Amino acid sequence: MTNDKDWHPATRLVHGGTTRSAFNETSEALFLTQGFVYPDAESAEARFNGEDPGFVYSRYANPTVSMFEERMCLLEGAGAARATASGMAAVTSALLASVKAGDHIVAAKALFGSCRYVAETVLPRFGVEATMVDGANLDEWKAAVRPNTRVMFLESPTNPTLDIVDIAAVADIAHEAGARLVVDNVFATALWQSPLALGADVVVYSATKHIDGQGRCLGGVVLSDEEWIEKEFHPFYKHTGPSMSPFNAWVMLKGLETLPMRIERQTQSAGRIADFLAENKAVTRLIYPGRDDHPQAAVAKKQMRGGSTLVAFELAGGKEAAFRFCNALEIVRISNNLGDAKSLICHPATTTHQSVPETDRLELGINGGVLRLSVGLEDAGDLLNDIEHALAAI
Ligand SMILES: *Cc1c(COP(=O)(O)O)cnc(C)c1O
């Protein structure tokens, strides 16, 4: 057997982290149990005081959840991981486990709506101030540093306008300030971007998106080096309880097996759709990280190995045109999920970013004509026909 360190991602995602029960089942076993029994009282004592590393309670760790965490570590090149009930549980616990009252964080303004709420509204309630910066402007990151800055937080590409933040450059600024960089890698996926290798300290995912990839379960995961996960994050996780259910971990494990083929196909189709939209007169702005006309194409090339499964574009005619386009689509469905096998379109200004004040929304480039398309696994020709027909209907 070859060493799993030499395996390519596709192999790791099929075999990595598998531990078999006494029955030697082929597929990963689903351990739907809250707790574990001990042969005697002495064994229970040893489990609780850490002398015996076995399982204690599924809020702390569970064999199915551990398999998912181990497989994610192999994919990400991380030392350790903890799976959470949702992407927001991952983001919130990663941030809360890193700060205390009196600390300061710096975050990019272009964040998934709920992440922005946690940074701007939740953390300040507990005495942690947040400075929001334009992620693409490195001078703003530098200028925001204070003596008590503990964390920097960003996502790249961003939701929904697919802006790119230079992860290595922000990691340098964070480390110089004595802070840690947390990266939300949902839009890029682990296949196309490795934030830890670029200098980030913590990576978080909403597994709800590409990792499940078939729209079934919520989930999340926090990955970092073993020391931080075990010493800093695990006590917070174990006692506050954002844990993933074993059932969801089992669904996510099966999702990981097909992740590379799904991402490759969805990215390929998204690239074709982006090229098609770029040539259409009804489209006034087209943003796709795999294209040379992306505003930060050079940074994208430097830190990403592939494009994106998402395409952002703006239609002439604002909200009215955008709504008519969405309503005319027959294959692509209107929904706010992403990374799904089904192609999904979302009008951020009236849905995911409805609660963001209009001035902030416009500053982020999210006007009424902007749409975010998550490209699924349908035949790319069928999708192009659907989009062409809907553009004609505007
Ligand atoms: C969806 C998403 C989240 C939140 O994940 P949930 O699983 O919905 O809680 C966080 N960040 C990004 C970038 C997302 O797309």
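For clarity, every value in this text was computed on a predicted model and none was experimentally measured.
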Considering non-hydrogen atoms only, spot the tightest contact between [X] and [Y] and give its length.
| X | Y | result |
| --- | --- | --- |
| Ala270 | Val311 | O-CG2, 3.6 Å |
| Ala200 | Ile167 | CB-CG2, 4.5 Å |
| Lys302 | Asp166 | NZ-OD2, 2.8 Å |
| Ile173 | Leu138 | CD1-O, 3.8 Å |
| Pro157 | Phe187 | O-CB, 3.3 Å |
| Ile164 | Gln303 | CG2-NE2, 3.4 Å |

> What do the steps show when you test Asn185 against Val204 for side-chain contact (heavy atoms from CB on, under 4.5 Å), and what is the final call?
Replying inline: CA-CA 6 Å; Asn185 205 37; Val204 290; over 6 Å; no
Hey, can you pull the donor-acceptor pairs under 3.5 Å for the side chains in residues 141-148, sequence neighbours left out?
| from | atom 1 | to | atom 2 | distance (Å) |
| --- | --- | --- | --- | --- |
| Trp141 | NE1 | Gly135 | O | 2.8 |
| Arg146 | NH1 | Glu129 | OE1 | 3.4 |
| Asn148 | ND2 | Gly102 | O | 2.7 |

Sidechain-backbone polar pair: [X] side chain, [Y] backbone, donor-acceptor under 3.5 Å:
| X | Y | value |
| --- | --- | --- |
| Ser43 | Pro39 | no |
| Asn248 | Leu218 | yes |
| Arg361 | Val356 | yes |
| Thr158 | Glu155 | no |
| Thr309 | Gly339 | no |
| Glu45 | Ala41 | no |
| Gln266 | Val375 | yes |
| Ser343 | Val332 | no |
| Arg12 | Leu75 | no |
| Arg150 | Ala179 | no |

Do [X] and [Y] have side-chain atoms, one donor and one acceptor, less than 3.5 Å apart?
| X | Y | result |
| --- | --- | --- |
| Ser308 | Trp192 | no |
| Thr208 | Arg216 | no |
| His210 | Asp340 | no |
| Thr284 | Glu314 | yes |
| Asp163 | Thr161 | yes |
| His8 | Thr11 | no |

Under 4.5 Å between any side-chain heavy atoms of [X] and [Y], yes or no?
| X | Y | result |
| --- | --- | --- |
| Met244 | Met252 | yes |
| Arg180 | Trp228 | yes |
| Thr267 | Thr189 | no |
| Ile105 | Val128 | yes |
| Ile334 | Asn327 | yes |

> Is there a salt bridge (charged side-chain N to carboxylate O under 4.0 Å, His left out) between Arg20 and Glu25 once you walk through the steps?
Replying inline: CA-CA 6 Å; Arg20 295 196 159 86; Glu25 61 283 349; 5.6 Å; no
Is there a path of hydrophobic side-chain contacts, each under 4.5 Å between heavy atoms, that joins [X] and [Y]?
| X | Y | result |
| --- | --- | --- |
| Val65 | Phe36 | no |
| Met72 | Val222 | no |
| Val91 | Phe233 | yes |
| Val186 | Val251 | no |
| Val106 | Val122 | no |

Exceeds 12 heavy-atom contacts within 6.0 angstrom, atom [atom1] of [X]:
| X | atom1 | value |
| --- | --- | --- |
| Glu358 | CD | no |
| Phe55 | CZ | yes |
| His15 | NE2 | no |
| Arg265 | CZ | no |
| Glu378 | CD | yes |

>> So, using side-chain hydrogen bond (donor to acceptor under 3.5 Å, both in side chains) as the criterion, who are the partners of Glu76 when residues are at least two apart?
In response: Tyr205
> In chain order, what residues pass the side-chain hydrogen bond (donor to acceptor under 3.5 Å, both in side chains) check against Thr258, with sequence neighbours excluded?
Replying inline: Arg262
>> Set out, in order, the CA-CA distance, both residues' side-chain angles and the distance that settles ring-ring contact (aromatic ring centres under 6.0 Å, His included) for Phe276 and Phe313, then state yes or no.
In response: CA-CA 11 Å; Phe276 171 80; Phe313 57 102; over 10 Å; no
>> Working note: Ile273 + Leu384, criterion side-chain contact (heavy atoms from CB on, under 4.5 Å); need CA distance, chi angles, decisive distance, verdict.
In response: CA-CA 6 Å; Ile273 290 168; Leu384 284 166; 3.8 Å; yes
>> Is there a salt bridge (charged side-chain N to carboxylate O under 4.0 Å, His left out) between Glu42 and Arg47? Walk through the geometry before answering.
In response: CA-CA 9 Å; Glu42 288 77 11; Arg47 288 279 171 90; over 6 Å; no
Does the distance from a Lys or Arg side-chain N to an Asp or Glu carboxylate O, for [X] and [Y], drop under 4.0 Å?
| X | Y | result |
| --- | --- | --- |
| Lys100 | Asp103 | yes |
| Lys254 | Glu28 | yes |
| Arg116 | Asp360 | yes |

>> Would Lys319 and Phe323 count as a cation-pi pair here, with the cationic atom under 6.0 angstrom from the ring centre and within 45° of the axis?
In response: yes
> Parallel, tilted or perpendicular for His234 and Tyr237, by the 30°/60° rule?
Replying inline: tilted
> Should Leu154 and Asp184 be marked as a side-chain contact (heavy atoms from CB on, under 4.5 Å) after you check the CA-CA gap, both sets of side-chain angles, and the distance that decides it?
Replying inline: CA-CA 6 Å; Leu154 64 87; Asp184 180 337; over 6 Å; no
> So Thr131 and His104, side-chain contact (heavy atoms from CB on, under 4.5 Å) or not? Walk me through it.
Replying inline: CA-CA 8 Å; Thr131 304; His104 171 246; 2.6 Å; yes
>> Could you walk me through whether Ser194 and Arg305 satisfy the side chain to side chain donor-acceptor pair (under 3.5 Å) test, starting with their C-alpha distance in whole Å, then the side-chain angles of each, then the deciding distance to 0.1 Å, before giving a yes or no?
In response: CA-CA 9 Å; Ser194 305; Arg305 294 180 290 272; 3.0 Å; yes
>> Checking Asp292 against Lys301 for the salt bridge (charged side-chain N to carboxylate O under 4.0 Å, His left out) test, could you report, in this order, the C-alpha distance in whole Å, the side-chain angles of both residues, the deciding distance, and whether it holds?
In response: CA-CA 9 Å; Asp292 289 338; Lys301 273 217 174 71; 2.9 Å; yes
